Structures are given as structure tokens and as C-alpha cells.
Amino acid sequence: MRNRFGPPPPDGGPRLQRMDRSGPRTGRPTLPGPATELVTLSSGVRVEQLVTGAGDPVTVFAHGLAGDVSGTRPLGSAVAGRRVFFHFRGHGRSDAPPGPWSFGDLAADLRGVADLSGATRALGVSMGAAALCRLLSEVPDRFERVVLYLPAALDGSRTAASVQRLSRLLASVESGEAAVIAAAVEQELPSSVRNTPAGWSFLRQRVEQLQRDGLSPEVETLWSAPPVADESLLRRFGGRALVIGCLGDEVHPVAWAERIAGLLPGAELEVFDRPAVLWNNRAELRDRVSAFLNA
């Protein structure tokens, strides 16, 4: 295990010199995350949410497939007002009702959280962006401003890299072994940040979260139908939209972002020039999102 992860980690990173295979020892414990709460939506589904900030406007943040609140929080760090981060069904401590699930179900989760909080703005990542598009196709006037970051395809297309990533994660979570989960999660990290303090911190947090909360295998049923059956319905959206893509992303081809930007009237399109935007261009991404939502 030590050799597979390369050179010794920075101070406070996992120490992998153990003889057993139960998983990496975290060294310095991960700091406890902020207190979340479970709220019951009108559908009866309970979802886990975290509320930060105060005042108006209220913005709801929807994570991507197999993601979590910690992955969307950096996108809202400079957004004014109250920020509501939540876990879709099957993620975190949220309920995992019997499947199969659809993007209509995810859109209902998103709308339920937005209605409870009075959100007028929304940001969706990947799967969360597709769920947001589904909601806009059904209720085009629900939000005044939306951000779609690395959106998934609305026709149900999935890249081979996306399919492999989900299968790898589900299998690792099913094993229950921290080392197996770490091996799967590590592949989400760009090589430039592996074996760095930031990379080890991310790895520790993700392994602990997935071991603690799991990931429902029902998420695989989401693609039984396209996220948005009639993409032309998005043309009814009367608010402002920012669509963010990047070049070279094997999971989120930039053509998907370009297509969605062309469907939403007057949408702004931002394309970064290399993948792993949250790692490589975090400050620029945060500033672009906050400038748009704070306007």
C-alpha cells in the first residue's frame, strides 16, 4: 500500500505503513464538519442540508453524482446572502427511497429544498446541473439566476469515464474497506495535487464521508430516461444563466455545456482551458460564480 501511494505524505496525512489492509490511518484526525440538519420535503423524502450565511438572496447548491456538500461549498464561498447546500437522495444522510429513480425525482428534491429556504438562485454541478435543467423545463420561472457548472448531458448520454467512475465508487463503498475506497477516490484527483496537503485532506474527507454515509446503488437507475425529455422547453426560462465548461474533461465534454448555453436564452458561457477547474483555477472559478450571482 505504501508504494502504491508514492512518497510519504505531508505531515498530518494518512500514514500507510500499517501491515493490515483495513485502510489508511489518518494520522491527525479530520476536523469535524459543520453541523447539518435533516429536513422533510413535501414529497416525504428527508434530505440533509447545511445553511450558511445570512440574509437575501438565498442560493441553493446541488452537487454532482456521488458528490457531497463539501464539494459544492467552495463554489459558494464568496456568494452573498444565505447559502443552502444539500445532499440529493442516496447521498450523505439523505433518504434513499426505493428505486428506480429519475431526474424528475432529483428535480423534486431540488425544488423541495429551494421552496423550504425561499431560494431564488441555484447552482448545479454535473448531475445537479441536469436536475436543475429538468426543474427549469417544468417550472421555467422558479429561479431568477442559475449557474450550471460542468453540466451532464440532457439526452442521457454518459461518457465511458463517467460510467467507470461510478462503478468503481459503488464497488469500493460496497467493500466497506477504507483502503479500497481511497484507491477509487484517488483517481478523481489530478496528478498535480496527489501527495500534497490539499490532496491528502480531500482524500481523508471523502473516504470518511463515504465510509460513514455510503452511496446508494440506486443512483445507477437515474439514466433509464433522459434528464430532460424535451430540451426546447428550456427556451422558456426568463432568468439569467451562466454555464461553465472546460476543455479536456473526459466526464463532462465541453460540447455539453455549449449545447445547454445555446438553449437557455441569453446564457453566458464560460470555458476554462483545462480540466480539474476546482483544483487548477479555484480562485477564478469562485470569482466568476460570485460575480454572476451577486449582481
Side-chain angles (χ1 to χ4, degrees), residues 38-49 59-69 72 84-159 162-163 166 170 215-239 241 243 251-252 256-257 259-260 263-264 267:
L38 288 173
V39 297
T40 302
L41 308 181
S42 59
S43 63
V45 174
R46 295 180 310 159
V47 300
E48 182 181 16
Q49 71 172 25
T59 306
V60 62
F61 293 78
H63 64 77
L65 179 64
D68 61 5
V69 164
T72 51
V84 182
F85 307 88
F86 77 99
H87 284 134
F88 280 111
R89 60 183 63 203
H91 296 75
R93 294 194 296 135
S94 295
D95 285 345
W101 300 341
S102 70
F103 275 87
D105 294 321
L106 298 189
D109 291 349
L110 173 56
R111 185 176 185 182
V113 173
D115 288 349
L116 283 177
S117 62
T120 58
R121 303 177 180 205
L123 181 149
V125 179
S126 188
M127 178 192 76
L132 177 52
C133 285
R134 173 62 175 262
L135 179 52
L136 295 180
S137 73
E138 298 172 344
V139 192
D141 59 350
R142 179 59 190 81
F143 296 108
E144 298 171 358
R145 286 178 178 261
V146 298
V147 177
L148 306 171
Y149 173 57
L150 303 180
L154 302 186
D155 63 0
S157 300
R158 300 174 68 193
T159 65
S162 176
V163 174
L166 179 58
L170 287 173
L215 178 64
S216 174
E218 297 287 358
V219 296
E220 283 194 303
T221 67
L222 284 168
W223 282 268
S224 59
V228 179
D230 184 356
E231 296 180 7
S232 68
L233 294 175
L234 291 176
R235 300 189 186 281
R236 302 184 301 165
F237 177 58
V243 184
V251 177
H252 311 95
W256 293 354
R259 178 170 178 77
I260 293 174
L263 291 168
L264 294 166

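The basis for the numbers below is simple: all heavy atoms, side chains too, and nothing from hydrogens, waters or symmetry mates. In this text the structure is predicted, and so the values were computed from the model without any measurement.
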- Query: Got a donor-acceptor contact below 3.5 angstrom from the S162 side chain to the V251 backbone?
  - Reply: no
- Indicate yes or no: at least one non-hydrogen side-chain atom of R259 is less than 4.5 angstrom from one of E231. yes
- Message: With heavy-atom distances below 4.5 Å as the criterion, would you say the side chains of P97 and V45 are in contact?
- Response: yes
- Would a 4.5 Å heavy-atom cut-off, applied to side chains only, mark L110 and F86 as touching? yes
- Item | Closest heavy-atom pair and its distance - S216, L170 | O-CD2, 3.9 Å
- Could you walk me through whether Y149 and T72 pass side-chain contact (heavy atoms from CB on, under 4.5 Å), step by step? CA-CA 10 Å; Y149 173 57; T72 51; over 6 Å; no
- Message: With a 3.5 Å distance limit and no angle check, can you tell me whether R89 reaches the backbone of L106 through a side-chain donor-acceptor pair?
- Response: no
- Query: What are the two closest heavy atoms between I260 and C133, and how far apart are they?
  - Reply: CG2-SG, 4.2 Å
- pair R46-L41: side-chain heavy atoms closer than 4.5 Å: no
- Does F103 have any ring pair (Phe, Tyr, Trp, His ring centres under 6.0 Å) partners at least two apart in sequence or in another chain, and if so, which? W223
- Note on the structure: Residue set satisfying salt bridge (Lys or Arg N to Asp or Glu O under 4.0 Å) with D115, at least two apart, ordered chain then number -> R111, R142
- How far apart are the closest heavy atoms of A107 and A131, and which atoms are they? CB-O, 3.7 Å
- Message: If you compare all heavy atoms of F88 against all heavy atoms of G128, which two are closest, and at what distance to 0.1 Å?
- Response: CE1-CA, 3.8 Å
- What is the minimum heavy-atom distance between D95 and G44, and which atoms define it? OD2-O, 4.2 Å
- Task: Return yes if some donor-acceptor pair links the side-chain N/O of T221 with the main-chain N/O of W101 below 3.5 Å, else return no.
- Result: yes
- Query: Heavy-atom distance under 4.5 Å between the side chains of M127 and V219, does that happen here?
  - Reply: no
- Heavy-atom closest pair, residues L234 and L154: CD1-CD1, 3.5 Å
- H252 side chain to P151 backbone, donor-acceptor under 3.5 Å: no
- Residue pair H87 / D68, side-chain heavy-atom distance below 4.5 Å: yes
- Query: Side-chain contact, heavy-atom cut-off 4.5 Å: L132 with L148?
  - Reply: yes
- Item | Side chain proximity check, V84 to L116, heavy atoms < 4.5 angstrom | no
